Amino acid sequence: MAPCKKVLMLCGDYMEDYEAAVPFYALAAFGVAVDCVAPGKKPPGDACLTAVHEFLGHDLYTELPGHRFAVTADFAAAAAADASRYDALVVPGGRFVERLSVDPLAVSLVAAFAGEGETATRRRPVVVTCHSQLLLAAAGAMRGVRCTAFFSMRRVVELAGGTWVEPDPLGLCVADGNVLSAIGWPAHGEIIRELLRAMGARVAGGRGQAVLFLCADYVDDYEANVPFRALAGVGCRVEAACPTKRKGEACVTAIYDATPAAASDERRGHNFAVTADWGDVDADRYACVVVPGGRAPELLATRGEAVALVREFAGKGKVVASIDQGHLLLAAAGLLDGRSCASGVAASVRHGGAVADGKLVTAASWPDLAEFIAHIISLLGITVSF
């Protein structure tokens, strides 16, 4: 079935990695088409280099190299088209918005969605995060808007005529008219929820359901965070646990992203917060367990308590989902015997994409996240309709 909604994402080099990937894959999982455009880049083949922004003990966040994020549509064509072709605009944060804020085509594109002046009746939802509020200000669309952003943006918001809202808690998404703003990727659960609402979506079945993510150091960056935020966006209570860490500690993630000239290497990604103590985890409290990939499952598969927990989820008829190397834990728990499995190089039975076999969901790797998330929400009885 063809997507009934379409979103435009305005991209560029050094945009925040999560702030591009989470809405891209989450919206695709819900049946929304997303066109990703960037000035000076054309599909197919061109990509933006993303950046990981994380606090690593210094006075300001550290910027690390992220993934190559593919451009899927032509920027000039999108800028020249009627904004009504799209149902929303998403602008990730990051340094690229500094250059775009003085690009006349980029500014006019944002103004068309924001609905200033003669286009006021054609307003579409506009998502701005972290530093991309700068583009809203450049487009003259900040006046009278309640807005939050990264802390350093407060005076920009106020000088552009907006009303500053402190980003407290960090998961806050401020919805004012057609503008949805947040400090950045920690708010993606709320951002997705508010964006779906603004686009007229009806979400059913998620409220009250709980999903547990099993993680450890060097869990795959996308495979942990993207489904975590997407499921939160449709109302699930989502928690993460690690047998070697306490609630409030963090697992370091790893980025695996092959370049055109080489196989994937491993780079440090964001921190992924542990939100539940292992001793408090009870399978009866959850409807689903998710095991992301990366190297973390190599540790989890050697921990008897992790193997036993996954086996307990399956034995109680819960949804069990894993992606890429996460299948090592499923194999240790004896859950893959005779089952269809979508996997990368670690499994002997290989299928591309994502596969649901009963209440077992598997996927090959992070490019399959949209299909992976779609299978999980379907098995949980969650629907997103427009």
Side-chain angles (χ1 to χ4, degrees), residues 1-11 15-38 43 48 69-75 77-78 81-92 109-110 112-115 122-129 132 173 175 178-182 185 187-206 222 225-236 238 353-354 361 363 366-386:
M1 183 172 65
C4 62
K5 295 287 183 177
K6 196 170 187 178
V7 169
L8 183 66
M9 184 181 296
L10 182 55
C11 304
M15 62 184 176
E16 216 302 315
D17 200 2
Y18 277 169
E19 292 172 31
V22 172
F24 179 80
Y25 287 108
L27 290 171
F30 306 146
V32 177
V34 185
D35 282 353
C36 302
V37 301
C48 298
F69 193 87
V71 169
T72 63
D74 182 66
F75 168 75
D82 189 336
S84 63
R85 291 177 52 202
Y86 294 96
D87 297 284
L89 173 69
V90 175
V91 190
L109 186 153
V110 173
F113 278 86
R122 299 200 303 253
R123 288 179 177 171
R124 297 287 185 274
V126 177
V127 177
V128 285
T129 49
S132 63
C173 174
N178 65 315
V179 176
L180 311 179
S181 61
W185 56 262
H188 266 133
E190 285 297 298
I191 292 168
I192 292 169
R193 182 178 68 83
E194 291 293 341
L195 179 57
L196 289 174
R197 179 197 57 77
M199 293 170 61
R202 296 177 297 279
V203 181
Y222 276 3
N225 188 68
V226 173
F228 188 93
R229 306 292 175 179
L231 289 165
V234 291
C236 293
V238 190
V361 180
W366 60 259
D368 307 304
L369 276 167
E371 190 179 358
F372 180 66
I373 296 165
H375 280 307
I376 293 173
I377 65 173
S378 176
L379 287 172
L380 292 176
I382 299 170
T383 59
V384 180
S385 56
F386 295 91

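Remember, it's a predicted structure, so these values are computed and weren't measured experimentally. When a residue number appears, it is its place in the shown sequence, counting from 1.
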Participant: How close do P125 and L195 get, counting heavy atoms only, and between which atoms?
Facilitator: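 So the two residues come closest at CB-CD1, 4.1 Å.
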Participant: Do R123 and F113 have side chains that get closer than 4.5 Å, going by heavy atoms?
Facilitator: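 Result no, sub-4.5 Å side-chain heavy-atom pair not found.
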Participant: Step by step, would you call I377 with L231 a side-chain contact (heavy atoms from CB on, under 4.5 Å)?
Facilitator: CA-CA 8 Å; I377 65 173; L231 289 165; 3.7 Å; yes
Participant: Quick check: do V126 and L180 have side-chain heavy atoms less than 4.5 Å from each other?
Facilitator: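 V126 does not reach L180 side chain to side chain.
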Participant: Taking C-beta and beyond as the side chain, do V203 and L196 meet within less than 4.5 Å on heavy atoms?
Facilitator: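 Counting from C-beta outward, V203 and L196 do come under 4.5 Å.
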Participant: Under 3.5 Å, sequence neighbours excluded: what are the donor-acceptor pairs made by side chains of residues 23-34?
Facilitator:
none

Participant: So which heavy atom on V71 is nearest to which on C48, and how close?
Facilitator: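 Here V71 and C48 meet closest at CG2-SG, 4.1 Å.
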Participant: I'd like to check V90 versus V7 (side-chain heavy atoms, cut-off strictly below 4.5 Å). Are they in contact?
Facilitator: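 When only atoms from C-beta onward are counted, V7 and V90 do touch, with a gap below 4.5 Å.
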Participant: Does any N or O in the side chain of N178 come within less than 3.5 Å of the main-chain N or O of R124, such that one atom is a donor and the other an acceptor?
Facilitator: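 Present.
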Participant: Are F386 and M199 packed together at the side-chain level, in the sense that at least one heavy-atom pair is separated by less than 4.5 angstrom?
Facilitator: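 Sidechains of M199 and F386: in contact.
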Participant: Closest heavy-atom contact between A354 and H375?
Facilitator: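 Shortest heavy-atom contact: O-NE2, 3.6 Å.
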Participant: Would you call the rings of W366 and Y222 parallel, tilted or perpendicular if under 30° counts as parallel and over 60° as perpendicular?
Facilitator: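 The arrangement is perpendicular - the two ring planes meet at more than 60°.
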Participant: For E371 and G353, work out which heavy atoms get closest and say how close.
Facilitator: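 E371 and G353 have their closest heavy atoms at OE1-CA, 3.8 Å.
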Participant: Pair Y86, K5 - check side-chain contact (heavy atoms from CB on, under 4.5 Å), show working.
Facilitator: CA-CA 7 Å; Y86 294 96; K5 295 287 183 177; over 6 Å; no
Participant: Could you go step by step and tell me if L8 and L109 meet the side-chain contact (heavy atoms from CB on, under 4.5 Å) rule?
Facilitator: CA-CA 10 Å; L8 183 66; L109 186 153; 3.9 Å; yes
Participant: Using only atom types and a distance under 3.5 Å, with no angle test, would you say the side chain of R193 pairs donor to acceptor with the backbone of G233?
Facilitator: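 Such a contact is absent between R193 side chain and G233 backbone.
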Participant: Which atom pair, heavy atoms only, marks the closest approach of S132 to V128?
Facilitator: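 Shortest heavy-atom separation between S132 and V128 comes out as OG-CA, 3.3 Å.
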Participant: Between the main-chain N or O of A77 and the side-chain N or O of D74, is there a donor-acceptor pair closer than 3.5 Å?
Facilitator: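 Confirmed, D74 side chain pairs with A77 backbone.
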Participant: Would you please test V361 and F372 for side-chain contact (heavy atoms from CB on, under 4.5 Å) and show each step?
Facilitator: CA-CA 7 Å; V361 180; F372 180 66; 3.7 Å; yes
Participant: Using every non-hydrogen atom in the two residues, find where D368 and A363 come nearest and quote the distance to one decimal.
Facilitator: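 Minimum heavy-atom contact is CB-CB, 4.3 Å.
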Participant: Can you tell me how far the CZ atom of F69 sits from the SG atom of C36, to the nearest 0.5 Å?
Facilitator: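 Nearest 0.5 Å value for the CZ-SG distance: 4.0 Å.
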Participant: Could you name each residue pair satisfying salt bridge (charged side-chain N to carboxylate O under 4.0 Å, His left out) that touches residues 19-36, not counting sequence neighbours?
Facilitator: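 Those involving residues 19-36 are K6-D35.
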Participant: Does A182 offer a backbone N or O that forms a donor-acceptor pair with the side chain of T129 under 3.5 Å?
Facilitator: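 A pair under 3.5 Å: no.
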Participant: Are V179 and V127 packed together at the side-chain level, in the sense that at least one heavy-atom pair is separated by less than 4.5 angstrom?
Facilitator: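 V179 vs V127: side chains apart.
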